[in-house]
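Beneath this line is the structure, given in structure tokens, with notes to follow.
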Amino acid sequence: MTQPPKKAVVLSSGGIDSTTAMAIAQDRGFSVYSLSFAYGQRHQVELDAAASVAVHIGAKDHLIIQAGLDAIGGSALTDDIPVPDAAAHNENDIPVTYVPARNTIFLSYALAWAETLGAFDIFIGVNSVDYSGYPDCRPEYIAAYEKMANLATKAGVSAQTRLTIHTPLIHMTKADIIKTGISLGVDYGMTLSCYNPSPDGLACGKCESCAIRRQGFIDAGVADPTRYAEA
């Protein structure tokens with residue numbers, strides 16, 4: 001009798017990285033459960049992109065969690081702080097677009113949903129190569145969280161199966177991520193990476209996320225399908 005596919009919770013922002021991670025999870029034979037967050041981000045139109053991606057990939061479910069990080073603030077994405085242009089970022093500094101504890105909070109919700117679903121796999125599209133320098137995107141952070149997760153869950157302490165946090169993009173360049181997604185049939189035209197998009201989803205073309213995205217398509221030799229407000 002054929003065994004049903006294993007379930008995986010995939011964190012989805014509707015951007016290039018999370019969408020590619022979701023496509024990889026599906027390609028590896030997982031039944032995908034997409035998880036997104038309305039956390040008070042100024043770019044909430046990303047949730048529309050995440051919903052489109054979930055349909056495009058064929059996720060079994062797409063859950064949006066309300067997580068009001070704007071009540072805490074401390075980031076240009078959740079507070080009344082201007083989103084800086086890419087040229088303003090010093091690569092040695094953690095940028096003001098860093099959201100305090102965001103990935104820790106998101107992974108905790110993913111862990112709870114995975115345990116409820118009977119899933120032992122979580123995919124997250126963090127990257128430590130072409131990224132903005134966020135501390136919660138580093139391999140050592142993911143390793144530490146995975147260790148904690150296996151100490152903090154019923155499945156972990158009963159030694160049923162270890163939870164694995166998959167980071168398939170963590171050592172890839174943005175160009176390689178895009179090439180991988182293209183090979184898996186990803187339509188990047190439905191994704192959104194901008195930190196400061198217009199209300200109708202046009203990318204600003206000026207923030208660091210837009211700059212990294214644009215350069216990724218150039219380096220990959222792939223036409224950029226992004227709709228930029230400046231155009």
Side-chain angles (χ1 to χ4, degrees), residues 10-23 34-57 62 64 67 69-70 73-91 93-100 102-103 106 124-127 129-134 136-137 169 172-178 181-182 186-220 222-231:
V10 184
L11 294 173
S12 175
S13 68
I16 284 177
D17 294 346
S18 64
T19 298
T20 307
M22 189 179 296
S34 175
L35 180 60
S36 301
F37 296 86
Y39 61 94
Q41 65 270 48
R42 67 170 68 225
H43 53 307
Q44 287 211 32
V45 290
E46 73 174 13
L47 295 175
D48 295 332
S52 296
V53 165
V55 172
H56 174 62
I57 297 294
H62 177 221
I64 299 176
L69 299 185
D70 54 330
S75 167
L77 302 189
T78 58
D79 210 337
D80 190 19
I81 302 170
V83 174
D85 290 350
H89 174 51
N90 183 330
E91 63 180 16
D93 296 333
I94 296 174
V96 71
T97 51
Y98 162 68
V99 180
R102 179 173 59 180
N103 279 348
F106 289 2
I124 181 170
V126 292
N127 179 266
V129 181
D130 288 339
Y131 80 127
S132 299
Y134 300 153
D136 53 3
C137 289
L169 317 181
M172 297 171 66
T173 66
K174 190 66 72 181
D176 287 338
I177 292 169
I178 290 170
I182 294 294
V186 171
D187 176 7
Y188 287 117
M190 65 175 58
T191 65
L192 177 71
S193 304
C194 182
Y195 289 150
N196 194 26
S198 67
D200 57 350
L202 296 179
C204 73
K206 299 177 181 179
C207 69
E208 186 174 24
S209 186
C210 278
I212 293 172
R213 178 185 174 108
R214 177 178 277 162
Q215 190 61 49
F217 281 107
I218 292 171
D219 293 343
V222 175
D224 185 352
T226 309
R227 297 183 305 130
Y228 292 104
E230 64 187 35

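None of these values were measured; they are calculated from a predicted model.
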Is the backbone of [Y] close enough, under 3.5 Å, to the side chain of [X] for a donor and an acceptor to pair up by distance?
{"X": "N127", "Y": "M172", "value": "yes"}
{"X": "D187", "Y": "G189", "value": "yes"}
{"X": "S209", "Y": "S193", "value": "yes"}
{"X": "R42", "Y": "N196", "value": "no"}
{"X": "N103", "Y": "D136", "value": "yes"}

Distance-minimising heavy-atom pair for [X] and [Y]:
{"X": "G73", "Y": "P100", "result": "O-CD, 4.1 Å"}
{"X": "C207", "Y": "V83", "result": "CB-CG1, 3.9 Å"}
{"X": "A76", "Y": "T97", "result": "CB-CG2, 4.2 Å"}
{"X": "A203", "Y": "C210", "result": "CB-SG, 3.8 Å"}
{"X": "D200", "Y": "R227", "result": "O-NH2, 3.3 Å"}
{"X": "A23", "Y": "V186", "result": "CB-CG2, 3.6 Å"}

Could you state the interatomic distance from [atom1] ([X]) to [atom2] ([Y]), rounded to the nearest 0.5 Å?
{"X": "Y134", "Y": "I94", "atom1": "OH", "atom2": "CD1", "result": "10.0 Å"}
{"X": "T19", "Y": "I57", "atom1": "OG1", "atom2": "CD1", "result": "6.5 Å"}
{"X": "T173", "Y": "I212", "atom1": "OG1", "atom2": "CD1", "result": "12.0 Å"}

Side chains of residues 44-54: which donor-acceptor pairs under 3.5 Å do they make with residues two or more places apart or in other chains?
| residue | atom | partner | partner atom | Å |
| --- | --- | --- | --- | --- |
| E46 | OE1 | H43 | NE2 | 3.1 |
| E46 | OE2 | Q41 | NE2 | 2.8 |
| S52 | OG | D48 | O | 3.2 |

Handout entry: Counterpart residues, side chain to side chain contact (heavy atoms under 4.5 Å, CB included), relative to D70 (two or more places apart)
Key = T78
Would you check if [X] and [Y] make a side-chain contact, meaning some heavy-atom pair closer than 4.5 Å?
{"X": "L35", "Y": "F106", "result": "no"}
{"X": "F37", "Y": "S13", "result": "no"}
{"X": "D85", "Y": "C204", "result": "no"}
{"X": "R214", "Y": "T226", "result": "no"}

Practice task
Classify the ring geometry between Y188 and F217 as parallel (under 30°), tilted (30 to 60°) or perpendicular (over 60°).
Solution key: perpendicular
Problem - Test applied, side chain to side chain contact (heavy atoms under 4.5 Å, CB included); reference residue, L11; option that passes from V126, I124, D17 - result: I124
Exercise for the section: Report yes or no: do S75 and R102 form a side-chain donor-acceptor pair below 3.5 Å? Expected result: no
Exercise for the section: Could you tell me which residues satisfy side-chain hydrogen bond (donor to acceptor under 3.5 Å, both in side chains) with S36, sequence neighbours excluded, listed by chain and number? Expected result: H62
Practice task
Quick one: do T191 and R213 satisfy side-chain contact (heavy atoms from CB on, under 4.5 Å)? Show the steps, please.
Solution key: CA-CA 11 Å; T191 65; R213 178 185 174 108; 3.1 Å; yes
Handout entry: Intermediate values then yes/no, side-chain contact (heavy atoms from CB on, under 4.5 Å), K174 and D219
Key = CA-CA 8 Å; K174 190 66 72 181; D219 293 343; over 6 Å; no
